[in-house]
Protein chains: 2
Amino acid sequence: MKSRFSNKFIVPDLAIVQREGGYARGRDGHAQILRAALDLLVEQGYRAMSMRRVAEACGMKLGNLTYYFPTKEDLVRELLDAVISSYEIEFDAIVHETGVSAEDRLAEVCILILEDICTKKTTRIFPELWALSNHDAFVLERVQEMYARARVALEETIGEINPALPADERAMLALFISGSMEGLTMFAGHEKPFQPQMPWLERIAVKSFVQIVSTIRPGEMKGGS
Amino acid sequence: MKSRFSNKFIVPDLAIVQREGGYARGRDGHAQILRAALDLLVEQGYRAMSMRRVAEACGMKLGNLTYYFPTKEDLVRELLDAVISSYEIEFDAIVHETGVSAEDRLAEVCILILEDICTKKTTRIFPELWALSNHDAFVLERVQEMYARARVALEETIGEINPALPADERAMLALFISGSMEGLTMFAGHEKPFQPQMPWLERIAVKSFVQIVSTIRPGEMKGGS
DNA sequence: GCCATTTTTTGTCAAGTGTCCTAAATTCAC
DNA sequence: GTGAATTTAGGACACTTGACAAAAAATGGC
C-alpha cells in the first residue's frame, strides 16, 4: 500500500479552533467532545452520533454536553468545520511545494489524495458527508468549499503542464481529476473489496491524469471533434 | 445537458418482484410501500424513511405496514434489492449491444452512466448507499455486486480496444473508469454546483478513458516504468 | 352468500432522541 | 481563602422510533 512517494503530508484528525474564554478544563472538554463525536462518526456512523452517546464516550453527563453544545446542530457544524479544516490546511500547504517537475507534482498531489482515501477516517466520513450534503445546504457548501481548495493545487500544476489551456478549462480538468479520485473511495478505500489493488489504481490514475492534461487542446472539451 | 448519444436506456425507478400469493390489493400495497419508501429516501434522505412516514406516505396505518414488512430491515433489504436490480437490468441489456466500434461503445456506456448520475434518484440514493455500506455488510455486498455487473460491459469493450491486456489488468482499468465516474456524482449530479458543466466533464472523461485504455501496455500498471 | 384467507385498524410497549432547567461542584483570578 | 465565573450533575419534558398483539374489516374462490 506504500507508494513510491514519501508521505510527507498526513492529514490530522481534527483542526480544532481553541475557544476564547473559560477555564482550562473547559477547553479540554470542548476538544474531547469533538474527538469523541468524530470517533463515533467514523466507527459507527452518523446514526450512532447521538448526544447521549457522545457524552458517554467522553465520560461526560448529557447535561454537561448540552452546556458545551446547546443543540446538536451546534455540535455537528463545529465538528464538520474541524474535520474539513484539517484537510484544507494540508491542501494549502501542498500548494507551496516546489522543486520537482510539474508532472511529478501533479502525481504527488494525486498520490497524497489517493493515500488519504485509504484512511479509515476518510473512507468512513466522506460518504457520510456526501449523503448529508444532499439534504443539508450548510454541509453541501462547506464540503464543496473544501474541494474547491483542493483543486487549487491541481489547477496550478495543470497550468504548468499545459499552459495553452484557458482558466475555465483548467478548472474543468481539475474538477474531473478530483472527482475521479473521490470515486475510488467506495472501491479501494479502507476495508473495501479492492483496497489491496490501490497501488495499481494509483498508477492508472496518475498516468491517465498526466496524459489527459498533456494532450487535451484548448476548446476540445467544449465543442471540438 | 443532452449528450450526443441518444438516451436509449433509462433506468426505471424500481424492479419490484411480484409477490406469490395473496389478494390483488395486497400486491398493490406491497408495491406502493416500496415506491413510497424510495420517494422518501430520495426526497428527504434515509433518516426520514421511518416506518411511520412510509406508512403515512402511502395512506396506510403503521400496523398495516408491519404486516407487509414485519421489521424495518425487511423493508430496507427489499427496497435495496428493487433499486439495485433496476440498474443491473440495464447493465445486462447494454452488454448485448452491437454494431458500433469498440471506442464508441465504451463512450456509450460511459455516457449512459454519466447521464444517469445527473438523475435526482441516482444523485440522492447512491451517497446514501455508500454511507450505509460502511456499517452494513449486506448493503456493501449488494452494492458491490451491482458495480461488478456494471464493469462487465466496460471490461468487454476494453478487451476489444486493447486485446493485449491480460484479464486482471482489464478488470483494474474497468474499476478505475467506473469509480472515476461515480466520483463525479458529488460535483455534477442533480442540483450539484457543477451540474451545468456535466457535458464538458463527459467529454473529458470519455477522451481520458479511451486514451488510457488504448495506450496502457501490459504490465505497465504493475511495475513498469 | 358463505367463510377461510388476507388485509386493515387500533392500541400499547419499551427504548431512544434532542432540549431545557435547576442545583451542586469545581476552577482560578484576586 | 473568598467569591464570581465556569463547569458538572441530575432530572424532567415532549416527541419519535421499531416492534408487537388482538380485534375488526375486506377479499374472492366456492
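A note on names: the letters A, B, ... follow the listed sequences, proteins ahead of strands, and every chain is numbered from 1. Fair warning: this is a prediction, and the values are worked out from it, not measured in the lab.
- Taking 4.0 Å as the cut-off between side-chain N and carboxylate O, A:Lys120 and A:Glu43 count as a salt-bridged pair.
- Rounded to the nearest 0.5 angstrom, B:Asp39 CG and B:Met49 CE are separated by 11.5 Å.
- When the side chain to side chain donor-acceptor pair (under 3.5 Å) test is applied to A:Glu56, no partner is found at least two apart in sequence or on another chain.
- For DNA chain C, the span of nucleotides reached by chain B at under 4.0 Å from its heavy atoms goes, 5' to 3', from C:dT5 to C:dT10.
- Between A:Phe194 and B:Phe176, the ring centre distance reaches or exceeds 6.0 Å.
- Checked against salt bridge (charged side-chain N to carboxylate O under 4.0 Å, His left out), B:Arg170 has no partners two or more places apart in sequence or in another chain.
- A donor-acceptor pair is defined here as one N or O able to donate and one able to accept, closer than 3.5 Å; such a pair exists between the side chain of B:Thr71 and the backbone of B:Glu73.
- Take the nearest nucleotide of DNA chain C for B:Tyr68 and for A:Met49: the residue whose nucleotide is more 5' is B:Tyr68.
- Applying the side chain to side chain donor-acceptor pair (under 3.5 Å) criterion to A:Thr185, with sequence neighbours excluded, gives no partner residue.
- Note that the NZ atom of B:Lys72 and the CG atom of B:Leu79 stand 10.5 Å from one another [nearest 0.5 Å].
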Mind listing the N/O atom pairs, protein and nucleotides 15-17 of chain D, below 3.5 Å?
from: D:dT17; atom 1: OP1; to: B:Ser50; atom 2: OG; distance (Å): 3.2

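- Residues passing the side chain to side chain donor-acceptor pair (under 3.5 Å) test with B:Asp81, sequence neighbours excluded: B:Arg142.
- Checked by atom type and distance alone, the side chain of A:Asp136 never pairs as donor or acceptor with a backbone atom of A:Ser133 at under 3.5 Å.
- Aromatic pair B:Phe126/B:Tyr87: centroids less than 6.0 angstrom apart.
- Considering only heavy atoms from C-beta on, B:Ser178 comes within 4.5 Å of B:Leu154 through its side chain.
- The NE2-P distance, from A:His30 to D:dT6, rounds to 15 Å in whole Å.
- Residues in residues 28-82 of chain B take part in these ring pair (Phe, Tyr, Trp, His ring centres under 6.0 Å) pairs, two or more places apart or across chains: B:His30-B:Phe69.
- Using a 4.0 Å cut-off on heavy atoms, the residues of residues 54-63 of chain A that approach DNA chain D are A:Lys61, A:Gly63, listed by number.
- Under the side chain to side chain contact (heavy atoms under 4.5 Å, CB included) criterion, A:Ala31 pairs with A:Ile16, A:Arg35, sequence neighbours left out.
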Look for any protein N or O under 3.5 Å of an N or O in nucleotides 23-30 of chain D and output each such pair with its distance, or none.
from: D:dA26; atom 1: O3'; to: B:Arg25; atom 2: NH1; distance (Å): 3.2
from: D:dT27; atom 1: OP1; to: B:Arg25; atom 2: NH1; distance (Å): 3.0
from: D:dT27; atom 1: O2; to: B:Tyr23; atom 2: OH; distance (Å): 2.7

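- A salt bridge does not link B:Glu128 to B:Arg124: none of the charged nitrogens lies less than 4.0 Å from a carboxylate oxygen.
- The interatomic distance linking B:Asn64 (CG) with D:dA22 (P) rounds to 18 Å, in whole Å.
- Within residues 37-45 of chain A, no residue has a heavy atom under 4.0 Å from DNA chain C.
- Annotation: proximity of residues 133-142 of chain B to DNA chain D (heavy atom, distance under 4.0 Å) is found for no residue.
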